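In what follows, a single structure is set out as structure tokens and then discussed.
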Amino acid sequence: MMTLEDYLAQDARLYPDKAAAVCGTETCSYSMLYERVCERAKDYADSKGKVVLFRASQTIDFLVTYLAIHQAGAVAAPMEKGTPQDLFVELGKKLSSYDVPEGIADVLYTTGTTGRSKGVMISHRTIIADAENLIAGQGFSHELVFIINGPLNHIGSLSKIFPMIVLGGTLYIIEGMKDINLFFHALDYPCEKMATFFVPANVRILTQFSADKLASYAEKIDFIECGGAPLAHADMLDLCRLLPKTRLYNTYASTETGIISTYNYNDGRCLVGCLGKPMPHSRIIITPEGHISCQGETLMSGYIGEPELTATVLRNDTVSMADLGHIDDEGMLHIGGRQDDVINVGGYKVAPTEVEDAALLLPDVKDCICISAPHPITGNALKLLVVMADGKTLNKREVALHLKQQLEIYKVPMLYEQVTTIERTYNGKLNRKFYRQS
């Protein structure tokens with residue numbers, strides 16, 4: 001089996017002068033990148049078989065470090081660059097005490113929004129399987145320039161490096177989406193086809209504040225993948241309208257499962273909650289309880305140093321997820337939210353995402369979250385927290401009437417409150433844990 005570093009060496013031979021990575025004013029060709037990786041690998045000569053902890057950054061130097069650690073036979077563990085120094089040192093000592101199974105390439109830490117953060121072991125084989133899944137499922141190509149705008153210590157953006165190096169494409173790295181102008185500057189890069197990965201918050205920012213400008217690049221944007229959290233149906237429809245010829249993907253993936261399935265919702269149907277068919281190296285099973293389980297070569301090897309915890313999630317080469325879902329007659333996966341998120345109201349179980357998607361169809365609703373709240377009569381009730389568009393005031397009756405036209409009556413919230421902001425995680429996920437603790 002070829003590793004990612006083997007493909008890099010091949011790229012350096014086949015496309016020595018082609019841009020491997022662009023970041024700001026710096027451009028690094030494949031021959032330069034390979035040379036830098038080989039030189040940097042000497043710094044990790046004594047780390048073979050060990051975990052090397054380092055801070056992630058949106059730079060070409062990150063690529064050099066990440067690939068060089070692999071080249072030296074060590075395991076790369078990129079951490080959030082803002083990790084406190086004391087925690088960074090403590091974690092480094094902890095990781096150095098673990099025996100790492102042969103073939104492990106990375107240890108990636110989960111965000112911890114639904115529990116404590118865990119170190120997920122990813123093998124070299126998994127990296128290539130993820131790359132091949134993305135190539136087959138989304139049409140990555142040698143000519144493509146892919147814009148990396150998310151943190152490279154998480155699977156969402158890190159996984160896009162894999163197919164680009166396998167194919168010899170070009171990575172264009174920017175420092176997040178806080179400055180939208182940087183993203184549009186990247187889109188001006190001289191090439192025919194570009195693509196990117198967004199979390200839902202990115203989509204909302206672009207469609208609300210820069211819709212016309214985004215639409216002006218419709219011919220150049222080959223595809224956009226969305227992941228990290230469910231994308232609201234209203235946002236899906238907006239992107240389809242703005243980019244009618246662009247492939248727009250919703251993907252089912254996680255650090256534990258790898259890249260599993262994907263669906264181009266710009267197919268004329270724009271099916272909400274659909275995540276497509278499993279990719280070549282993946283299989284999906286729906287348990288009798290309705291949970292999603294995944295099999296195949298993209299799965300994690302386990303949680304580092306935690307065999308007991310691993311056994312609760314990874315059994316018989318199957319990763320069991322908390323997500324609820326079903327497979328339709330076309331063989332496509334549909335997600336119904338997480339078991340932990342389901343709200344029980346009077347014996348009825350409600351997936352809050354259904355309520356939120358329906359509410360976001362109202363043009364004046366900018367953001368929202370459906371939560372569980374105490375009620376003096378029923379004991380428990382649905383409550384919708386709503387962020388309204390600038391200058392607009394929440395009309396509770398109007399929202400309730402709209403929801404009654406969209407949902408079963410038991411899914412319509414009893415309580416409504418206008419708020420200035422909705423708590424979200426760094427990558428745009430609704431922070432439901434925050435509201436459960438409040």
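Here the structure is a predicted model, which is why all the values come from computation and not from measurement. Any value given below was found using the heavy atoms of this structure, including those in side chains, with hydrogens, waters and symmetry copies removed.
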I'd like to know if [X] and [Y] make a salt bridge, using a cut-off of under 4.0 Å between side-chain N and carboxylate O.
X: K411; Y: E356; value: no
X: R125; Y: E297; value: yes
X: K18; Y: D11; value: no
X: R36; Y: D61; value: yes

Specify the closest pair of heavy atoms between [X] and [Y], including all atoms of both residues, with the distance to one decimal.
X: G305; Y: Y98; value: CA-CE2, 3.6 Å
X: L360; Y: A232; value: CD1-CB, 3.4 Å
X: A359; Y: L384; value: CB-CD2, 3.9 Å
X: A56; Y: P78; value: CB-CB, 4.4 Å

(request) Sort out for me which residue in Y189, Y217, F209 forms a ring pair (Phe, Tyr, Trp, His ring centres under 6.0 Å) with F184. (result) Y217

Between [X] (side chain) and [Y] (backbone), is there a donor-acceptor pair under 3.5 Å?
X: R241; Y: L237; value: no
X: K160; Y: T196; value: no
X: D357; Y: E354; value: no

(request) Check whether any side-chain heavy atom of L324 sits under 4.5 Å from a side-chain heavy atom of I292, and report yes or no. (result) no

[Y] and [X] side chains, donor-acceptor separation under 3.5 Å:
X: Y30; Y: D17; value: no
X: D130; Y: H281; value: no
X: N380; Y: S372; value: yes
X: D222; Y: T246; value: no
X: Q138; Y: T251; value: yes

Indicate, with yes or no, if the rings of [X] and [Y] have centres closer together than 6.0 Å.
X: F223; Y: F140; result: yes
X: F183; Y: F198; result: yes
X: Y109; Y: H154; result: no

(message) Test side chain to side chain contact (heavy atoms under 4.5 Å, CB included) on C240 and Y265; report intermediate values, then the result.
(response) CA-CA 8 Å; C240 290; Y265 58 87; 3.7 Å; yes

(message) Using 0.5 Å steps for rounding, measure from the CG atom of L430 to the CD1 atom of I371.
(response) 11.5 Å

